[in-house]
Colleague: 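For reference, the structure I am asking about is given below.
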Amino acid sequence: MGASKPLSDADPRSTSPVPGGIAARAVAGLRAQGPNYLSGLNPEQREAVETLDGPLLVLAGAGTGKTRVLTTRIAHILALGRARPFEILAVTFTNKAAREMRERVGQLLGHAAEGMEWLGTFHSIGARMLRRHAELAGLKPSFTILDTDDQIRLIKQALAAENIDDKRWPARQLAFAIDGWKNRALSPKDVPAGEAQAYANGRGAELYTLYQTRLKQLNAVDFGDLLLEPIQIFRENPDVLAQYHRRFRYMLVDEYQDTNVAQYLWLRLLAQGSKNLACVGDDDQSIYGWRGAEVENILKFDRDFPGAKVVRLERNYRSTGHILNAASFLIAKNEGRLGKTLRPQTELGEKVTVAGSWDSGEEARAIGDEIEALQSRGHRLDDMAILVRASFQMREFEERFITLGLPYRVVGGPRFYERAEIRDAMAYLRVVASPADALAFERIVNVPKRGLGDATVKQIIERARADEVTLPEASRRLVAEGALAAKARSALKDLVLSFDRWSAEMDRIPHVELAEKVLEESGYTDMWSKDRTAEAQGRLENLKELVRSMEPFENLRGFLEHVSLVMDVDGARGEDAVTVMTLHAAKGLEFDTVFLPGWEEGLFPHQRSLDENGRAGLEEERRLAYVGVTRARRRAKIWFASNRRVHGMWQSSIPSRFLDELPEADVEVLEAPVTFGAGHMGGSYGPSRFDRAEPFASTYSTPGWKRAQERGFDRGATPSPGPGARRSGPMTIEGELVASSTAKAAGFAEGARVFHQKFGTGTVVEVEGNKLTVAFDRAGQKRVLDGFVKAA
DNA sequence: CTCCAGCACGACTAA
DNA sequence: CGTGCTGGAG
């Protein structure tokens, strides 16, 4: 690599590929005037943008203009004519980041960044490459991309075929292991013996091989393969790799600290061409260790890419002083870091606030109130966000915001495409688009119920395997031969004919219309319309949303590709709304006001991180806290609750250790608005508690609150309540308590129509204190507590 | 052979 | 709390 002499771009002629050529003169011209897109950059940023040749690492602290550098750099390359849009490889981790980059390059150039076909996520670019050279990997270009769910079902099948007890060796565990191997670019033969030993008595590697074979048979890949297969192809086909070397004149990577071994290898292979690889990252924001990210990659960048230039961005333009100081002080507790000193560029502003609440419900109420207060003072909801550690925390906020009528949007919550109804609908569409998609066919062959159970499906699969045909084709043959029971045969015949009809229509009618037709004619929407459970309505809404989301796409195939790679729905509609999302999803974003609830030991830092990764896990959690605080421009508001329901059980919790790691001078501790009950460990649950709860009877009447109180009482009786110690017996205490505190608020009479979250609507048959016997229209007669039903 | 209810068990973060 | 498997009824 001695050939790559360090090039100074002070002299434009030396950086030009063709000395004295058009580009060089253009550079000189631009340099003279200074193109306006460069004018707002500080010296470090400008250096990062203008250092075009050779490897470059930009260490960009939070809020130091990282995205700006990346996008300006692209604009610069294009403006100088160094490369055409399709000769730039620009990789991000999330679709959001890719989208943003595309938009901002467009803004800089004054027109859409058309033609940047290699701007995207690692996975989408990997998929694109793999489709081009699918044959080299033993696949057809139409291969399907399996998500985690499909993956696990496939592994289950493999385990069953090998007679491995999936109770003892859960499929998830193997899926997790395979994922890990793929993240480290290990093919079955490369798996270290020790690790392969760990699963199913040493059959790990064998099962991995089997899984890969099944994938190929299904013409499918998983997420890991989207990178691994191209790496394999590049290694085995130098001519293919050479094509990409010629193609990519410049390469940019966002969030380099999050790359795993496979991504690193992929990049290194590609960067052997032009060597113009620019990586941007921040070791303090490395929060994806659990999916294989190797902070090492960023730490040893200059060794991996000799002659690399390193630029540090340390001027923070985002946050006010107190916020930045608090974040810096916190992250300084980490040991394994390159070390950067972020410098605030503005006033100290407001201190970071820390407040406690009795339980998670109160936390949600208090934050909701504060949001409304801010809103009434003229703050936009768009400028506020609630960042949670785990997505289960979101629900409470959603519920609260619904009652308040506060518009909110959830980013990456209970994920849209993971909902059963969406997956079913998608499976239908997948089979229509490619009848060979066996997993999809299996999923919906008996949804809605058609009388095609396991036995029938098994026959179809066996036949398909014997004849080496698709499942629909095997079904067709079985039907034609008059096999199967008469009932199953006619149901199957109808289904196969329907698929034939839909497939034939695929290119004739608009895909949105086709989707509606498929869902309608298959009886799928009907199935939910007839369903009287509470969720059914929401599911139908989701299906409508799915169909609506297909509109922007050219055709069905385009849509399906999008969904398999972009597992999120664009929720960014115009309305002013509070954002609720996980800390992981928040990386790269910023808001004026950031609420950080749930800073409790066990949740944040998350127990599992500590258990599984010890100190490294703690450090990653701390980086996550750092990411959270640094999302805030003007206000960071941290909360913790004394009681939180985890896995359906109320547990008391202690404040996060991170709170004590914040600097006193930059933090203001708020009096909790309502602190009664907290720390009430004594067994004296006398009338005094009731008296205090009484005034709140109307507000504190949610089931959760009741159980919070019940839990408090319970703790008095049993000092260390183990989880599971109370499987089904809390009714008496809860019952009495609830009866007194909600007697006036609730009070259902016999014959009243009520609605229950789980059982739907029904009629009250009997009232006994707060216990109701309700005949539900669908779910039958049940005894429920009145707190769980609303008047219908 | 299919369907459904009841029960056990596992639950953070992502493309 | 939700899903996924098992066993028994139809």
Side-chain angles (χ1 to χ4, degrees), chain A residues 91-98 120-127 145-149 151-153 156 166-167 170-173 179 182-183 221-227 255 258 260 262-263 287-293 387-395 411-415 417-420 446 448-459 484-485 487-488 491 535 562-568 581-587 598 602-612 617 620-621 623-624 627-628 645-650 703-704 707 723-724 727-728 757-758 779-780:
Chain A
V91 219
T92 64
F93 274 85
T94 64
N95 298 288
K96 207 177 351 156
T121 62
F122 275 101
H123 292 91
S124 68
I125 290 171
I145 301 164
L146 304 187
D147 62 25
T148 317
D149 229 64
Q151 215 182 337
I152 286 174
R153 286 195 308 142
K156 276 200 177 132
D166 71 345
K167 279 265 155 51
R172 309 195 127 269
Q173 196 187 326
D179 237 39
K182 289 191 173 180
N183 284 338
V221 298
D222 61 20
F223 283 121
D225 291 333
L226 292 176
L227 284 161
E255 309 279 13
D258 289 335
N260 60 33
Q263 286 154 344
I287 55 175
Y288 284 105
W290 49 271
R291 65 172 203 213
L387 309 183
V388 298
R389 174 64 182 84
S391 44
F392 76 83
Q393 294 172 259
M394 294 182 183
R395 230 174 64 186
V411 178
R415 306 174 60 67
Y417 287 110
E418 283 165 21
R419 291 168 193 273
N446 200 30
K449 298 267 178 283
R450 300 189 172 90
L452 301 169
D454 292 347
T456 311
V457 172
K458 206 168 181 181
Q459 279 193 62
L484 309 168
K487 234 173 156 183
E535 317 91 76
H562 169 85
V563 171
S564 51
L565 290 168
V566 185
M567 297 290 284
D568 66 350
M581 65 173 121
T582 63
L583 286 160
H584 284 90
K587 188 159 67 141
L603 177 60
F604 193 34
H606 201 281
Q607 196 57 47
R608 209 157 128 180
S609 284
L610 304 181
D611 291 346
E612 288 171 11
E620 181 153 316
E621 294 287 307
R623 290 194 290 267
L624 202 46
V627 167
R645 202 164 52 182
V646 185
H647 311 333
M649 298 268 182
W650 281 96
R707 254 166 296 170
R727 286 229 51 103
S728 54
Q757 193 64 36
K758 184 163 178 183

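We name chains A, B, ... by the order of the sequence lines, and we start the count at 1 in each one. Values in this document were obtained by computation on a predicted structure and should not be read as measured data.
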Colleague: Students often get this wrong, so: under 4.0 angstrom with heavy atoms, is A:Phe392 touching a base, only sugar-phosphate, or nothing?
Modeller: nothing
Colleague: B:dA14, OP1 or OP2 - any side-chain N/O from A:Arg291 closer than 4.0 Å?
Modeller: no
Colleague: Assign A:Ser124 to base, sugar-phosphate, or nothing according to its heavy-atom contacts below 4.0 angstrom with the strands shown.
Modeller: nothing
Colleague: Got a donor-acceptor contact below 3.5 angstrom from the A:Glu255 side chain to the A:Thr92 backbone?
Modeller: no
Colleague: Under a 3.5 Å distance rule, please check whether A:Gln263 uses its side chain to pair with a backbone N or O of A:Phe122 as donor and acceptor.
Modeller: no
Colleague: Is it the case that the side chains of A:Trp290 and A:His584 hold a donor-acceptor pair, with the cut-off being a distance below 3.5 Å and no angle test?
Modeller: yes
Colleague: Can a side chain N or O of A:Lys156 be found less than 4.0 Å away from OP1 or OP2 on C:dC5?
Modeller: yes
Colleague: The side chain of A:Thr582 is closest to which nucleotide in this list: B:dC12, B:dC1, B:dA14?
Modeller: B:dA14
Colleague: Which nucleotide in the set C:dC5, B:dT2, B:dC12 lies at the smallest distance from any side-chain heavy atom of A:Lys167?
Modeller: C:dC5
Colleague: Which part of the nucleic acid, if any, lies within reach of A:Arg172 when heavy atoms closer than 4.0 Å are counted: base, sugar-phosphate only, or nothing?
Modeller: sugar-phosphate
Colleague: Once you round it to whole Å, what is the distance between P of B:dC1 and NZ of A:Lys487?
Modeller: 14 Å
Colleague: So, do A:His584 and B:dC12 meet the stacking rule of ring centres under 5.5 Å and planes under 30°?
Modeller: no
Colleague: Taking CG from A:Leu387 and P from B:dC12, how many angstroms apart are they, rounded to a whole number?
Modeller: 19 Å
Colleague: Under 4.0 Å, heavy atoms only, any strand: does A:Lys182 hit a base, just the sugar-phosphate, or nothing?
Modeller: nothing
Colleague: To the nearest angstrom, how far is A:Tyr288 atom OH from B:dC12 atom P?
Modeller: 16 Å
Colleague: Rounded off to whole Å, could you give me the NE2-to-C1' distance for the A:His562 and B:dA15 pair?
Modeller: 12 Å
Colleague: Apply salt bridge (charged side-chain N to carboxylate O under 4.0 Å, His left out) to A:Asp222 and list each qualifying residue two or more places apart in sequence or on a separate chain.
Modeller: A:Lys182
Colleague: I need the CD-C1' distance between A:Gln173 and B:dC9, as an integer number of Å.
Modeller: 15 Å
Colleague: Tell me: CG of A:Asn95 to P of B:dA14, nearest whole Å?
Modeller: 13 Å
Colleague: Please tell me if A:Arg395 has a side-chain N or O lying less than 4.0 Å from either OP1 or OP2 of C:dG2.
Modeller: yes
Colleague: Starting the side chain at C-beta, find the nucleotide from B:dC1, B:dA15, B:dC4 nearest to A:Thr121.
Modeller: B:dA15
Colleague: Specify the separation, in whole Å, of atom CG of A:Asn446 and atom C1' of B:dC1.
Modeller: 11 Å
Colleague: Looking at B:dC12, B:dC3, B:dA15, which one has an atom nearest to any side-chain atom of A:Lys449?
Modeller: B:dC3
Colleague: Are there more than 12 heavy atoms of other residues, nucleotides or ligands under 6.0 Å from atom CG of A:Asp611?
Modeller: yes
Colleague: Quickly work out the A:Gln263 CD to B:dA15 P distance and round it to whole Å.
Modeller: 12 Å
Colleague: According to a strict under-4.0 Å criterion, is A:Arg645 in side-chain N/O contact with OP1 or OP2 of C:dC1?
Modeller: yes
Colleague: For A:Ala127, what residues pass the side-chain contact (heavy atoms from CB on, under 4.5 Å) criterion, not counting sequence neighbours?
Modeller: A:Ile145, A:Leu226, A:Glu561, A:Leu565
Colleague: Tell me whether the side-chain N/O atoms of A:Thr456 come closer than 4.0 Å to OP1 or OP2 in B:dT2.
Modeller: yes
